[in-house]
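A short worksheet on the structure shown next.
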Amino acid sequence: MQFETLPGFREFYPDACARRNHIFGQWRKVARAFNFLEYDAPVLEPLELYIEKSGEEIVGQLFNFEDRGGRAVALRPEMTPSLARLVGAKANGLKRPIKWFNIGEHYRYERPQKGRLRAFYQYNVDIFGEAGPGADAELIALLVQALQAFGLGSDDFKVRLSDRDLWLHMLAAEGLDEDASATVLGIIDKLERMDRSKAIERLAPVIGDEAEAFLGRIEEVIAIRDFETLTNYMQNLASEGDIADQIRIRLGEWEQLLNSLQAAGAGEFIQIDLGIVRGLAYYTGFVFEAFEASGEGRALAGGGRYDALVKKLGGPDMPAVGFAMGDVTLADLLESKGLTPTYVQSPDFIAIIGGPEARDAAMGDAALIRRMGYTIDYPLKDQAFGKQFKEANQKGARFALIYGSEEIEQGVVKVRDFSSGVEQMLPRDGLEASIPDLMQSGLS
RNA sequence: GUGGCUAUAGCUCAGUUGGUUAGAGCAUCGGCUUGUGGUGCCGAGGGUCGCGGGUUCGAAUCCCGUUAGCCACCCCA
């Protein structure tokens with residue numbers, strides 16, 4: 001019986017595993033550079049946790065089942081609810097701002113396709129406890145740097161920046177109430193993929209006869225790409241009153257955010273684009289999306305403010321901002337840009353073993369070398385010398401340690417530096433002292 | 001959930017209008033006198049032709065179903 005992997009699940013042979021770990025390594029390095037702390041949470045959670053956050057519809061897209069104790073459970077499709085619980089439970093004891101990150105596998109029961117599998121890794125980075133734009137700036141700067149770490153530049157990706165808060169002010173200025181605004185935001189989110197006539201049709205119930213003109217104004221806003229135009233547009237929209245005040249305050253926060261990002265060196269990556277609102281209702285302020293600047297334009301990462309979510313999931317009132325980046329789309333992009341390094345996992349040493357007596361000597365030295373933190377390998381059964389050298393080369397070893405009968409008799413080992421071809425005898429009882437030198441300088 | 005394309009060795013692929021025992025390259029394993037290098041030479045293993053059914057004297061080849069993969073839609077936390 002030959003078993004296959006489940007649809008949408010991946011196996012990582014050593015090469016693929018090395019590529020995956022390269023991605024994890026860069027993610028981790030950048031998060032640490034910003035002094036974010038790594039946390040982790042269970043892979044299996046109560047189903048209710050996800051229903052509470054996202055509604056009953058989510059169940060159709062989960063790996064969920066009943067466990068032996070009759071509990072309704074689900075493999076985690078995302079990290080945010082677990083994280084909100086972790087933070088919420090200890091909120092009063094955690095020093096703020098709380099800057100945390102995680103790299104973990106997530107599971108969604110969906111039809112696999114390009115850039116999307118049923119099991120995938122996500123880089124989750126979040127800040128809790130800071131409501132001001134400083135937190136948004138920190139997070140977006142980290143996002144930019146995390147992508148730059150792979151060798152991607154501003155020709156390769158951009159971060160679209162938008163703001164649900166500003167939209168709500170705008171829509172309020174248009175005379176819409178909260179419910180109507182939410183509906184309109186949902187339509188804006190889909191505008192890119194929707195026919196204009198369809199959009200008008202869907203706007204009509206909330207807007208009425210003027211839906212077409214209204215849509216025209218929305219399209220004008222979405223086309224804005226610079227802060228000056230945005231400011232002018234907003235000031236024309238409402239010049240006095242509460243709404244005008246709120247818009248003025250919000251634009252001040254925009255200015256702070258943009259200045260911080262400029263100062264952090266992320267300016268060239270930022271693209272104002274109010275067309276991004278993110279479908280999820282729980283986003284509350286700035287929202288952003290990193291996407292490929294060329295080709296497909298696929299989303300690489302997405303995130304934003306979710307100031308109300310921790311409370312909704314049973315925690316205290318706690319402002320939050322975060323983003324998530326998946327490994328699948330990122331790996332695809334790196335591959336297409338030729339930015340996937342080739343990984344050689346090769347040993348420092350290979351022992352060439354002449355016989356049983358030599359094997360004992362080699363294994364003793366190998367134990368020492370391994371304790372010193374270097375990599376040494378040797379054939380597990382006796383083989384001809386020629387074959388052993390060939391294998392040492394194929395494995396990419398830097399040095400051969402040759403244990404023949406002559407060497408054993410004299411208490412030495414012959415070292416060969418494969419890059420120069422130079423050989424030298426080393427006393428076996430002085431290896432601990434001579435090996436670091438050898439690793440440093442080689443033989444020439 | 002809907003649709004399109006695909007499925008032959010570990011990988012990339014040949015395989016004639018349906019016709020004997022399904023092939024190649026790469027990879028793997030063994031050997032080329034147990035003291036020296038990725039190339040070389042010799043040899044070997046490895047396939048229920050995705051799976052099930054049908055048509056036929058005969059199916060990798062034609063038909064139906066099914067599963068999986070890829071792609072698009074839906075959705076996208």
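Letters go in sequence order (proteins before strands), and every chain restarts at 1. Quick note: numbers below take in every heavy atom, side chains included, and nothing from hydrogens, waters or symmetry partners.
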Between [N] and [M], how many Å separate the two [atom1] atoms, rounded to a whole number?
N: rG10(B); M: rU28(B); atom1: P; result: 15 Å
N: rU6(B); M: rG65(B); atom1: P; result: 15 Å
N: rG19(B); M: rU39(B); atom1: P; result: 39 Å
N: rA68(B); M: rG52(B); atom1: P; result: 16 Å
N: rU8(B); M: rG69(B); atom1: P; result: 14 Å
N: rC32(B); M: rG18(B); atom1: C1'; result: 45 Å
N: rG30(B); M: rC49(B); atom1: P; result: 29 Å
N: rC71(B); M: rG37(B); atom1: C1'; result: 46 Å

What is the nucleic acid contact for [X], judged by heavy atoms within less than 4.0 Å: base, sugar-phosphate only, or nothing?
X: Ile352(A); value: nothing
X: Arg108(A); value: base
X: Pro77(A); value: base
X: Gly303(A); value: nothing
X: Lys190(A); value: sugar-phosphate

Just the rounded figure in Å: distance from [atom2] of [N] to [atom1] of [X].
X: Glu192(A); N: rC76(B); atom1: CD; atom2: C1'; result: 14 Å
X: Gln113(A); N: rC70(B); atom1: CD; atom2: P; result: 10 Å
X: Glu11(A); N: rA68(B); atom1: CD; atom2: C1'; result: 14 Å
X: Asp195(A); N: rC73(B); atom1: CG; atom2: P; result: 14 Å
X: Leu6(A); N: rU67(B); atom1: CG; atom2: C1'; result: 13 Å
X: Met194(A); N: rC74(B); atom1: CE; atom2: P; result: 10 Å
X: Tyr13(A); N: rC11(B); atom1: OH; atom2: P; result: 8 Å
X: Lys114(A); N: rU6(B); atom1: NZ; atom2: C1'; result: 16 Å

Between the side chains of [X] and [Y], is a donor N or O closer than 3.5 angstrom to an acceptor N or O?
X: Asn64(A); Y: Tyr50(A); value: no
X: Glu105(A); Y: Tyr107(A); value: yes
X: Asn124(A); Y: Tyr39(A); value: no

Enumerate, in order of first residue number, the stems that involve RNA chain B, defined as 3 or more consecutive Watson-Crick or G-U wobble pairs with both distances under 3.5 Å.
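Stem list for RNA chain B: B:1-7 with B:67-73, B:10-13 with B:23-26, B:28-32 with B:40-44, B:50-54 with B:62-66.
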Presence of salt bridge, Asp273(A) and Arg225(A), under 4.0 angstrom
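Salt bridge flag = yes for Asp273(A) with Arg225(A).
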Does Lys414(A) come within less than 4.0 Å of Glu423(A), counting only side-chain N to carboxylate O?
yes
Kindly state whether the ring of Phe9(A) and the ring of Phe63(A) have centres lying under 6.0 angstrom apart.
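When the ring centroids of Phe9(A) and Phe63(A) are compared, they turn out to be within the sub-6.0 Å range.
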Would you kindly compare Pro7(A) and Glu110(A) by the position of their nearest RNA chain B nucleotide and give the one closer to the 5′ end?
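By nearest-heavy-atom nucleotide position, the 5'-most residue is Pro7(A).
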Taking the six-membered ring of Tyr109(A) (Phe, Tyr or Trp), confirm whether the NZ or CZ of Arg118(A) is under 6.0 Å from its centre and within 45° of its axis.
yes
Is NZ or CZ of Arg20(A) both nearer than 6.0 Å to the six-membered ring centre of Phe12(A) and within 45° of the ring axis?
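Ring-cation test returns yes.
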Among [options], find the nucleotide with the atom closest to the side chain of [X].
X: Gln61(A); options: rC70(B), rC75(B), rG30(B); result: rC75(B)
X: Lys381(A); options: rG30(B), rC70(B), rA72(B); result: rG30(B)
X: Arg111(A); options: rU39(B), rG1(B), rC74(B); result: rG1(B)

Is there a side-chain contact between Leu333(A) and Leu339(A) in this structure, where contact means two heavy atoms from C-beta onward sitting under 4.5 Å apart?
no
Reckon Gln394(A) has a side-chain N or O less than 4.0 Å from the OP1 or OP2 of rU39(B)?
yes
Side chain to side chain donor-acceptor pair (under 3.5 Å) partners of residues 316-331 of chain A, not counting sequence neighbours, each pair once
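Sorted pair list: Arg10(A)-Asp327(A).
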B/S/- contact track for nucleotides 31-37 of chain B, protein heavy atom under 4.0 Å:
---BBBB
Decide if atom CD of Glu38(A) counts as having more than 12 heavy atoms of other residues, nucleotides or ligands within a radius under 6.0 Å.
yes
